[in-house]
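Everything below concerns the one structure shown next.
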Amino acid sequence: MQDRYDFKAIETKWQKIWANEQAFKTTEDYDKKKYYVLEMFPYPSGKLHMGHVRNYSIGDVVARFKKMDGYNVIHPMGWDSFGLPAENAAIKNGIHPFTWTNSNINDMHDQLNSLGLSYDWDREVATCKPDYYKWMQWLFIQFYKKGLAYKKDNPVNWCPDCETVLANEQVVDGCCERCKTPVTKKHLSQWYLKITDYADRLLNNIDTLEGWPDKVKTMQKNWIGRSEGAEVKFDIDGTDKTLVVYTTRPDTLYGVTYMVMAPEHPYVLELVEGTEYETPVKAYIEESKRKSEIERTSLTKEKTGEFIGKYTINPVNGKKVPIYISDYVMMDYGTGAIMAVPAHDQRDFDFAKKFGLEIIPVVDVPDVDLDNLTEAAAAEGTMINSGEYNGMNNKDAIKKIIADLESKDLGKKTVNFKLRDWLISRQRYWGTPIPMIHCEECGWVPEKEENLPILLPTDVEFTGKGDSPLTTSKTFRQCTCPKCGKPAEREIDTMDTFLDSSWYFLRYCDAKNEDAIFDPKKVNYWMSVDQYIGGVEHAILHLMYSRFFQMVMHDLGLCDAEEPFKNLLTQGMVTKGYTDKDGNFVVAKMSKSLGNVVAPKEIQDKYGADTARLFILFAAPPEKELEWSDAGVEGSYRFLNRVYRLVYEYITDIRGDLKVPSEITINNADDKSLNMMINVTIKKVGEDAGGRFNFNTAIASIMELVNEMYKYKQNAEMNLALFDKAINCLLIVANPFVPHITEELWEQLGHTDRLYQAAWPTYDESALVKDEVEIIVQINGKLKDKVAMPNNSDKEVIEEAAKNLDKIKGELEGKIVVKTIVVPNKIVNFVVK
RNA sequence: GCCGGAGUGGCGGAAUUGGUAGACGCAGGGGACUUAAAAUCCCCCGGUAGAAAUACUGUACCGGUUCGAGUCCGGUCUCCGGUACCA
């Protein structure tokens with residue numbers, strides 16, 4: 001045999017066989033328990049990176065294990081194939097986005113197969129293909145009919161580089177999530193989905209997601225940002241207007257010393273018109289409009305603002321307080337105006353200090369000197385300076401004040417959310433056309449469902465400038481109104497690609513259905529997804545949009561499940577160390593710009609896919625960061641060679657032409673210990689790979705089994721039947737991690753069936769029981785000695801044996817044993833004085 | 001600031017219910033085989049003292065609960081992730 005196993009030949013051989021045998025094709029078997037393993041589908045950039053390899057290796061272990069464990073496993077893959085890069089390639093190289101995307105899909109398909117991933121390719125979907133986006137359009141129309149899609153003229157986030165609008169969630173630190181360009185505001189008429197209608201449900205259901213990491217749940221909760229408070233009406237002195245504010249601290253109403261409106265507040269211009277304040281106020285509004293999102297929200301920013309010359313009357317005590325405008329108040333949260341309580345809110349405090357405004361404490365917070373405040377006192381306390389509420393705990397006062405305001409029609413209890421409606425229009429070509437038609441007479445009308453899909457036109461120009469490329473089509477825009485039949489115009493914007501990825505997991509359940517989005521029977525069998533695996537960067541965007549879609553589809557009667565993903569595993573980043581420009585060694589996420597990228601192909605060529613998978617799964621638990629180590633890869637390769645040699649030597653040298661006895665007898669201590677090791681490994685790997693998802697420790701225990709087998713082979717009297725069992729078990733338990741080499745060796749052993757069809761072995765509980773156990777002997781909790789005792793010895797017997805150990809005898813000499821703790825099969829602890 | 005999470009050998013990491021801290025691997029050291037190298041196989045590998053047996057010490061820091069704490073509780077520090085004029 002060769003020194004090193006020929007991974008290239010073995011891996012291509014088995015990939016071909018699996019494909020020919022349709023090894024991982026799944027059909028609905030309604031009597032069988034199902035398991036849905038899903039990995040986030042990739043954007044077909046053309047090249048797989050290590051993050052993909054990690055994501056899909058994890059998913060593949062779960063899928064292969066669950067299949068062996070007797071589940072009807074669905075493990076699909078597809079392509080999130082609409083999006084900007086294809087369009088940019090078209091602008092740059094003159095290739096049509098479809099051609100570019102399609103060729104990338106083919107490349108990536110091959111790369112995925114070269115990793116030996118167990119996908120059912122019959123369920124493949126690509127969001128850019130008409131058979132998929134037809135149903136996307138159909139779905140949009142259902143949203144529209146349900147009143148969940150609407151068009152609104154509004155200031156929107158605009159990315160000048162991508163030349164398109166962005167949803168709130170796609171603005172990160174004031175910049176475009178994709179290209180990092182600072183986002184500006186633009187006034188446009190755009191389509192929105194009413195995700196805010198589902199805010200409470202999206203929030204409340206989070207607590208039912210037991211299999212989700214707390215981190216992700218908290219991020220979603222914060223993003224939804226529910227707060228309870230009150231709206232309070234303040235009459236504006238000398239006008240017939242009422243300024244409504246939102247506050248979470250109605251208990252501080254007596255501490256209001258001024259009011260602030262957002263510069264965009266619709267009242268502002270009216271209130272200053274014709275007064276001496278008009279000019280400075282208008283200048284301030286202009287200035288704040290000019291500022292970018294980053295400037296407006298920057299941390300170090302000093303408070304700015306402008307008095308507008310008007311006052312409000314405090315409804316609780318009739319006090320007159322001045323009104324300011326300032327950009328620290330946002331128009332799109334609450335009512336766009338606030339009551340300012342500088343004593344108890346830090347932002348108001350800063351503003352009051354700068355503008356010399358009055359500060360009145362109204363809650364006596366323990367350990368705070370209210371007469372010399374250096375910062376706002378936001379904590380709980382007792383009401384003061386607040387008339388009839390004095391002496392109450394401020395938490396109780398909140399309820400009382402709200403009730404009193406409501407009874408006098410001066411305010412009401414209100415719930416507010418940070419979550420905004422989802423802006424889904426994009427001024428781009430490579431996305432699903434929004435199936436809406438504008439008619440002069442009928443307004444916006446959805447396309448007739450029998451006319452779907454509305455295909456993307458092919459006669460467009462990609463200039464990268466101006467409006468959506470769809471405007472350049474001669475045929476696309478003109479149409480007739482589905483309602484009245486008169487000439488009308490189609491919507492030329494396309495959908496945010498996050499819509500496409502919000503329901504792909506449902507389409508996998510019935511990917512080829514031409515008559516419906518899917519068969520509910522199939523979807524109800526497969527859904528929810530039992531295990532979803534992907535990067536934590538989707539914690540808010542994709543995962544919340546998908547939950548929203550699932551709820552809507554549930555409400556539309558399309559499927560039973562209300563939550564799409566039962567369990568979620570967010571895998572950590574793949575990092576690698578490099579030397580930065582200052583000569584420091586740093587570890588960072590693999591990225592082209594840092595030059596610390598390792599291409600999967602490089603590793604596969606040198607060591608094979610099994611080694612790549614093994615290393616990635618072994619080097620760290622899945623949710624943690626994984627630091628790439630070339631030496632570690634080498635080690636994984638070494639291990640696979642060790643396995644290969646072990647099995648090969650067994651076949652040629654040990655078994656040879658001998659017939660393996662069908663009965664296994666345990667003849668001696670070596671046999672007993674090897675047999676125990678076999679059973680321990682089956683148990684441990686099953687628990688770690690199928691339940692805890694700690695693949696690193698699962699692999700460690702497989703390595704231990706291999707070490708044990710080498711020792712046995714060398715030192716023990718060979719028990720052929722037992723060793724044969726060990727060899728077979730080893731291949732089965734290692735198969736989910738390293739499918740090619742194990743499948744090959746399985747065949748070499750002479751099996752005529754396939755390993756991918758094998759059942760997970762059951763372990764023998766009785767084989768796990770040791771005859772003799774090692775008991776730890778402690779004095780005052782410190783380890784002093786160990787003693788071997790028969791399994792399940794009585795407490796008294798153990799204590800006696802421990803006492804009689806020479807070392808313990810000596811230690812106990814002249815001391816009084818105050819107490820003795822005996823934990824059977826584990827420990828004896830003498831407490832002495 | 002707020003909300004999460006984490007701090008264990010030279011390194012990645014184990015220790016699942018409070019019961020031998022450091023499994024497994026990497027790196028390192030020593031040995032066997034070889035003309036030699038590679039590969040392979042075996043042994044050692046937290047710290048201090050010691051030739052060794054062994055003793056003491058050790059899971060970021062301080063304190064607590066407990067017969068017993070990496071694990072539980074209180075406080076402190078550091079790092080990572082998320083988020084932020086959200087009223």
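Lettering follows sequence order; numbering is per chain, from 1.
Considering only side-chain N and O atoms, A:R642 lies under 4.0 angstrom from the phosphate OP1 or OP2 of B:C41. In this structure, A:N829 does not reach the B:G19 phosphate: none of its side-chain N or O atoms is under 4.0 Å from OP1 or OP2. Between A:R638 and B:A27, a side-chain N or O to OP1/OP2 separation shorter than 4.0 Å is present. Contact annotation: A:K782 side-chain N/O to B:U20 OP1/OP2 distance is not under 4.0 Å. A close approach under 4.0 Å does not occur between any side-chain nitrogen or oxygen of A:K826 and OP1 or OP2 of B:G19. Residue A:K354 has no polar side-chain atom (N or O) positioned under 4.0 Å from OP1 or OP2 of B:C85. Applying the 4.0 Å criterion to OP1 and OP2 of B:G82, one finds that A:K217 has every side-chain N and O outside that range.
Interface remark: the A:K303 side chain does form a donor-acceptor pair with the B:C85 base, using a distance-only criterion of under 3.5 Å.
When the nucleotides B:C42, B:C24, B:A15 are ranked by their closest atom to the side chain of A:R692, B:A15 comes out on top. Relative to the side chain of A:S227, the nucleotides B:G19, B:C3, B:A87 differ in distance, and B:A87 lies closest. Side-chain proximity of A:I821 to B:C67, B:A87, B:C24: nearest is B:C67. You'll find that the side chain of A:N696 is closest to B:G13, out of B:C3, B:C67, B:G13. Nearest nucleotide to the side chain of A:K418, out of B:G25, B:C42, B:U83: B:U83. In this structure, of B:G4, B:G19, B:A87, it is B:G4 that holds the atom nearest to the side chain of A:K215. Taking the side chain of A:Q778 as heavy atoms from C-beta on, and the options B:A14, B:A27, B:G19, the nearest nucleotide is B:G19. Picking from B:U20, B:A55, B:A87 the nucleotide with the shortest atom distance to the side chain of A:T248 gives B:A87.
Residue order along RNA chain B, read from the 5' end via each residue's closest nucleotide, puts A:I776 first among A:I776 and A:T247. Heavy-atom nearest nucleotides on RNA chain B were determined for A:R249 and for A:E634, and the one closer to the 5' end corresponds to A:E634.
Between A:I808 atom CD1 and B:U20 atom C1' there is a gap of 13 Å when expressed in whole angstrom units. For the pair A:K624 NZ and B:A14 P, the interatomic distance rounds to 6 Å; values are reported in whole Å. Following rounding to the nearest Å, A:F355 (CZ) and B:C85 (P) show an atom-to-atom distance of 19 Å. The distance from atom NZ of A:K795 to atom C1' of B:C67 is 12 Å, rounded to the nearest whole Å. Atom CG of A:L614 and atom C1' of B:C26 are 13 Å apart (whole Å).
Proximity of a side-chain donor or acceptor of A:N791 to a complementary backbone N or O of A:K770 within less than 3.5 Å is detected. Judged by distance alone, with hydrogens and angles left aside, the side-chain atoms of A:T196 form no donor-acceptor pair with the main-chain N or O of A:R420 at under 3.5 Å. Side chain of A:R54 to main chain of A:Q571: no donor-acceptor pair is present (N/O by atom type, distance under 3.5 Å, no hydrogens or angles). In terms of modelled atom types and a separation under 3.5 Å, the side chain of A:D794 and the main chain of A:E796 share no donor-acceptor contact. Although no hydrogens or angles enter the test, the distance criterion places no donor-acceptor pair under 3.5 Å between the side chain of A:H265 and the main chain of A:G336.
Here, B:A21 and B:G5 have their C1' atoms 23 Å apart, quoted to the whole Å. Between B:C42 and B:A55, the two C1' atoms lie 30 Å apart (nearest whole Å). Separating the C1' atom of B:A23 from that of B:G4 is a span of 30 Å, rounded to the nearest Å. Annotation: B:G70 and B:G63 have their P atoms spaced 15 Å apart (nearest Å). As rounded to the nearest Å, B:A60 and B:U71 have C1' atoms that lie 16 Å from one another.
Shown for residues 333-350 of chain A: residues whose heavy atoms fall under 4.0 angstrom of RNA chain B, namely A:Y333, A:I338, A:R347.
Checked against the 6.0 Å centroid criterion, the rings of A:F351 and A:Y324 qualify as a close aromatic pair.
A cation-pi contact, defined as under 6.0 Å to the ring centre and within 45° of the axis, is absent between A:R613 and A:F737.
A salt bridge is defined here as a Lys NZ or Arg NE, NH1 or NH2 lying under 4.0 Å from an Asp or Glu carboxylate O, and A:E634 with A:R638 fails to meet this definition. A salt bridge does not link A:D350 to A:K354: none of the charged side-chain nitrogens sits closer than 4.0 Å to a carboxylate oxygen. Of the charged side-chain nitrogens involved, none lies within less than 4.0 Å of a carboxylate oxygen, so that A:E627 and A:K576 do not count as a salt-bridged pair.
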Encoded 5' to 3' (Watson-Crick or G-U under 3.5 Å; [ ] crossing; | other strand), RNA chain B becomes (((((((..(((......[....))).(((((.......))))).((((....))))..(((((..]....))))))))))))....
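Taking the O4'-C1'-N9-C4 or O4'-C1'-N1-C2 dihedral as appropriate, B:G31 has a value more than 90° from 0 and is therefore anti.
Taken to the nearest 0.5 Å, the CZ atom of A:F417 stands 5.0 Å off from the CZ atom of A:R226.
Ring geometry for A:Y644 against A:Y648 counts as parallel: the plane angle stays under 30°, on a 0 to 90° scale with 60° as the upper cut.
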